[in-house]
Amino acid sequence: MGLFDMFKKNKKEEQPEVDDFKSTDEILEHLLSHILPQTLNYKTERQGNMLYLPELDTEITVDVHMPQPNNVGLAFYVYARSIGKHFYEYCAGGGKDCKSAVGMAAGSFVFCFMDGYQRMLEKDTPTEFPTEFAGKKHEWEGYNSCTVGAGTIQNKTEDLSVAFWNLLEPEVKKRLGNQKVALVKVYAARFPTDAIGEVRIDDVEIHELSEMVREMAETWKVEQFASEKQFFFIRQKESTYSPSLYDGEEGFRKMRSAVVEYLKLFAAATTRELHDRLFDDTVQKIGDVTLANECCNILPEMAAINALEGKVKVSDMITLVPKTGNNMEVYFSQLSDYEMLLRCLNDIMSKQEFGEETDNIWQNMIGYSSICNALHQAIKGGSKIEDLSMLRLMMHVYGDFELR
């Protein structure tokens with residue numbers, strides 16, 4: 001079903017006629033006062049620039065990006081209070097004017113993301129399956145959203161609402177660890193001479209899975225353009241979930257404080273001696289050997305991936321190398337701290353926690369990443385960045401590192 005059809009079908013009442021928007025404030029006000037309250041299937045309470053859905057115990061905030069006469073981007077931040085999970089979804093919309101573009105972007109969010117989200121919270125017809133990670137068994141409930149799209153796929157022979165999951169199911173299962181919830185976003189688009197595939201787990205692109213979806217989209221026949229998007233909400237049963245030291249908002253604040261302490265030590269490590277003992281100093285400061293390993297090894301790679309903005313593809317599989325040998329291959333998404341570490345780093349840097357020194361710390365971290373080192377060696381050897389194959393990371397872990 002097309003977005004405009006879904007929008008018309010699910011509207012509770014006619015929206016008031018307004019002239020085209022003249023500012024981002026007007027767009028935001030119209031979203032929070034009219035579009036979202038009228039299209040969401042739940043009671044909404046306006047709390048400043050946030051909507052609260054009491055029936056789902058959910059907060060929704062929106063940022064308006066790059067409004068143009070014919071297109072707009074909307075960034076939705078969804079917080080599920082009952083499970084302590086933050087979700088992010090970016091929706092682009094286009095139309096004959098900015099007003100219709102906003103409606104398109106909002107419809108994509110309501111009828112796709114929120115469809116799967118409410119199914120998860122209401123436990124509506126889940127698909128159950130088991131996985132195993134770090135010697136422990138985990139039981140899951142999977143919820144597929146509706147698909148939303150644009151254009152027409154002329155040779156479509158299967159229902160895409162199940163086709164994406166059938167394609168990705170084995171690979172997604174391999175990337176589950178002990179998280180409470182994993183959000184998988186799938187986007188596919190076909191142009192007459194090109195195809196796009198994108199798969200993200202908790203908003204981190206998984207390039208191997210993106211390529212699988214791109215190959216599927218490449219088989220579509222279209223006149224000009226067609227696209228489809230879908231979400232999978234995968235929730236672990238409470239009976240198999242192992243609580244984390246960093247669950248909930250209190251846990252986020254605790255991890256964020258630890259990351260700040262690490263960054264202080266990193267910034268102060270201006271000599272080889274101080275840098276060589278950075279791990280030991282971090283352990284002593286934050287009291288968590290596993291998190292200290294992750295700060296020292298993963299944060300620089302996160303900074304490098306962010307700085308490269310997709311110019312180089314990095315595999316989501318990482319090889320853990322302990323001193324005792326017995327290397328382990330895991331996926332980043334399986335590490336329970338990974339998503340929150342990324343959230344902490346982004347929050348600290350965006351808020352300029354270290355004032356004028358923030359950007360210097362960011363640049364120095366990029367310089368210490370193995371990604372930056374690999375690129376330097378490749379360029380030194382005469383290669384071009386765009387010609388490099390997918391990079392695989394290796395992480396040396398020390399002390400009583402725990403795979404969690």
Side-chain angles (χ1 to χ4, degrees), residues 1-11 14-15 20 31 35-36 38-41 65-76 89-119 142-169 171-172 183-200 205-207 209-233:
M1 182 181 293
L3 276 181
F4 285 123
D5 295 331
M6 299 175 84
F7 190 80
K8 289 165 63 180
K9 179 181 177 181
N10 287 270
K11 274 199 305 184
E14 289 299 317
Q15 295 180 33
D20 207 16
L31 280 165
I35 294 180
L36 293 178
Q38 291 171 7
T39 54
L40 290 166
N41 291 321
H65 293 185
M66 302 178 296
Q68 302 293 327
N70 304 103
N71 55 75
V72 70
L74 302 179
F76 292 91
E89 162 60 349
Y90 183 86
C91 298
K96 60 184 177 63
D97 52 26
C98 189
K99 180 182 171 184
S100 59
V102 169
M104 172 68 82
S108 176
F109 170 73
V110 170
F111 305 123
C112 192
F113 177 93
M114 287 301 296
D115 174 71
Y117 178 77
Q118 64 88 17
R119 290 186 190 187
Y143 303 87
N144 294 13
S145 78
C146 289
T147 59
V148 296
T152 301
I153 303 170
Q154 297 173 333
N155 62 333
K156 183 166 65 174
T157 59
E158 57 184 337
D159 183 356
L160 289 176
S161 65
V162 296
F164 285 137
W165 177 248
N166 289 342
L167 174 70
L168 298 171
E169 177 184 6
E171 294 298 320
V172 169
L183 173 63
V184 182
K185 176 181 179 177
V186 184
Y187 175 77
R190 181 68 163 116
F191 303 87
T193 59
D194 194 16
I196 295 173
E198 182 179 336
V199 178
R200 307 181 79 87
E205 184 173 5
I206 312 300
H207 296 290
L209 275 59
S210 292
E211 177 60 17
M212 293 170 63
V213 171
R214 190 200 66 78
E215 290 176 356
M216 172 189 278
E218 201 170 38
T219 66
W220 298 347
K221 291 183 179 180
V222 301
E223 285 189 6
Q224 294 181 319
F225 170 79
S227 69
E228 294 287 343
K229 180 168 68 171
Q230 187 178 26
F231 293 90
F232 309 127
F233 290 82

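Only a predicted model underlies this, so the values are computations on that prediction, with no experimental measurement involved.
- Of all the heavy atoms in Ser161 and Thr147, the pair that sits closest is CA-CG2, 3.7 Å.
- With rounding to the nearest 0.5 Å, the separation of NE2 in His207 from CE in Met212 is 15.0 Å.
- Within the 4.5 Å cutoff, the side chain of Phe233 has heavy atoms near those of the Leu183 side chain.
- Counting only distance, with no hydrogens or angles, the side chain of Arg190 and the backbone of Glu218 share a donor-acceptor pair below 3.5 Å.
- At least one donor-acceptor pair closer than 3.5 Å links the side chain of Gln230 to the backbone N or O of Ser145.
- Here Ile153 contributes atom CD1 and Lys221 contributes atom NZ; the two are 13.0 Å apart, rounded to the nearest 0.5 Å.
- A distance of 10.5 Å separates CZ of Arg214 from OG1 of Thr219, quoted to the nearest 0.5 Å.
- Taking the six-membered ring where tryptophan is involved, the planes of His65 and Tyr90 are tilted, since the angle between them lies from 30° to 60°.
- In plain terms, the two heavy atoms of Glu205 and Ser210 that are nearest each other are OE2-OG, 2.9 Å.
- Ile35 places none of its side-chain heavy atoms less than 4.5 Å from the side chain of Phe109.
- Summarising the geometry of Ala105 relative to Cys91, their closest heavy-atom pair is O-CB, 3.4 Å, with the distance given to 0.1 Å.
- Atoms OG1 and CZ, from Thr39 and Phe111 in turn, are 5.5 Å apart once rounded to the nearest 0.5 Å.
- The side-chain contact (heavy atoms from CB on, under 4.5 Å) search around Ala150 returns Phe225, Ser227, not counting sequence neighbours.
- By the 4.5 Å heavy-atom criterion applied to side chains, Asn41 and Gln118 are not counted as neighbours.
- Remark: Glu89 pairs with Lys185, Lys229 by the salt bridge (Lys or Arg N to Asp or Glu O under 4.0 Å) rule, at least two apart or across chains.
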| request: Evaluate the side chain to side chain contact (heavy atoms under 4.5 Å, CB included) criterion for residues Val213 and Leu168: first the C-alpha distance (whole Å), next the side-chain angles of each, then the deciding distance (0.1 Å), finally the verdict. | output: CA-CA 8 Å; Val213 171; Leu168 298 171; 4.1 Å; yes
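- In this view, Glu171 and Lys174, Arg175 satisfy the salt bridge (Lys or Arg N to Asp or Glu O under 4.0 Å) rule, not counting sequence neighbours.
- Annotation: salt bridge (Lys or Arg N to Asp or Glu O under 4.0 Å) contacts involving residues 142-160, sequence neighbours excluded, are absent.
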| message | Using the rule given for side chain to side chain contact (heavy atoms under 4.5 Å, CB included), can you reason through Leu209 versus Val172, listing the C-alpha separation, both sets of side-chain angles and the distance that settles it, and then say yes or no? | response | CA-CA 9 Å; Leu209 275 59; Val172 169; 4.1 Å; yes
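- For residues 160-169, every residue pair satisfying the salt bridge (Lys or Arg N to Asp or Glu O under 4.0 Å) rule, not counting sequence neighbours, is listed here: Glu169-Lys173.
- In this structure, Ile196 and Phe191 have side chains that are in contact, with non-hydrogen atoms separated by less than 4.5 Å.
- Closest approach of Val222 and Pro192 over heavy atoms only: CG2-N, 4.2 Å.
- For Glu223, the CD atom is loosely surrounded, since the number of other residues' heavy atoms within 6.0 Å does not exceed 12.
- With sequence neighbours left out, Arg119 forms a salt bridge (Lys or Arg N to Asp or Glu O under 4.0 Å) with Asp115.
- Panel note: side chain Asn144, backbone Phe164; no donor-acceptor pair is recorded below 3.5 Å.
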| task | Tell me, with the steps shown, if Leu160 and Trp220 meet side chain to side chain contact (heavy atoms under 4.5 Å, CB included). | result | CA-CA 12 Å; Leu160 289 176; Trp220 298 347; 4.1 Å; yes
